[in-house]
Amino acid sequence: MPAGFPEFRLGSVLATSFTGTLSERHGEPVERIPTPRRLVDWLAVYGLAVDSCTPAQLELAKELREAIHAAATAAAIHEALPAAAVAVINDCSVRGRAAAVLTPEGERRWRLSSPSAVEDALGVIADDAISIIAGERDGKLALCASPTCQAAFFDTSQSRTRKWCDMNTCGNRQKKARFNAKRTAS
């Protein structure tokens, strides 16, 4: 990874992992895709390889990211979905021309219409967001318990009681803070 850029926070759910490209939204925000090249890198990690990305495509990606975050947050707290967010998600979904393909190993992969079709990759992300926000997948949307994060995440744990978007970051910070508070109080 190039020096100077924060690490990607990778998860198993495409749409909510994409919203995690901007973390600590209620603290000091950390932008993980600040340049078109970083978006290309992030998409490649998720099997959505594109050759290039323009500044306009990066802005479209960030618009989709924020729309997914707004809609997922509303769904997690059982509020009405913001109409503007729904419109952006739907627009990106129908604009993309990706196709699901089956690999010889029996895995699902995405084939984009051309090697540099960022819009196709965003369509895949929008489609994933639609499936989780619409409740089509087994799991539930929740918000991270970290007061500086509050990211929407898709909880697929057996009990559906997960508290943190990522145990390795938000969860560990909270556990460390509780430990230090107990040690200071002693």
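These values consider heavy atoms only, across backbone and side chains, with no hydrogens, waters or symmetry-generated copies.
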**Prompt:** How long is the span from the OG1 atom in Thr16 to the CG atom in Asp128, to the nearest 0.5 Å?
**Reply:** 7.5 Å
**Asked** On the ring face of Phe154, is Arg162 found with NZ or CZ under 6.0 Å from the centre and within 45° of the axis?
**Response** no
**Prompt:** Just by modelled atom types, is the Gly11 backbone N or O under 3.5 Å from a matching donor or acceptor in the Ser17 side chain?
**Reply:** yes
Using residues 79-94 as the side-chain source, report each donor-acceptor pair under 3.5 Å to any protein atom, sequence neighbours left out, with the distance given to one decimal.
from	atom 1	to	atom 2	distance (Å)
Asn90	ND2	Val86	O	3.4
Asp91	OD2	Arg95	NH2	2.3

**Message:** Can a side-chain donor-acceptor contact be found between Arg32 and Thr21 if the only test is distance below 3.5 angstrom?
**Reply:** no
**Asked** Would you say Glu105's side chain and Glu107's backbone share a donor-acceptor pair under 3.5 angstrom?
**Response** no
**Request:** Taking atom types as modelled, find out whether Arg137 and Ser131 have a side-chain donor-acceptor pair closer than 3.5 angstrom.
**Result:** yes
**Request:** Return yes if some donor-acceptor pair links the side-chain N/O of Asp155 with the main-chain N/O of Gly139 below 3.5 Å, else return no.
**Result:** no
**Request:** Assert yes or no for the condition that the ring centre distance of Phe18 to Trp42 is strictly below 6.0 Å.
**Result:** yes
**Asked** With sequence neighbours left out, which residue pairs that include part of residues 16-30 fulfil the salt bridge (charged side-chain N to carboxylate O under 4.0 Å, His left out) condition?
**Response** Glu24-Arg173, Arg25-Glu66
**Request:** Report the distance from atom CD1 of Ile132 to atom NZ of Lys140, rounding to the nearest 0.5 Å.
**Result:** 13.5 Å
**Complete:** For Phe153, the ring-ring contact (aromatic ring centres under 6.0 Å, His included) test, sequence neighbours excluded, returns none
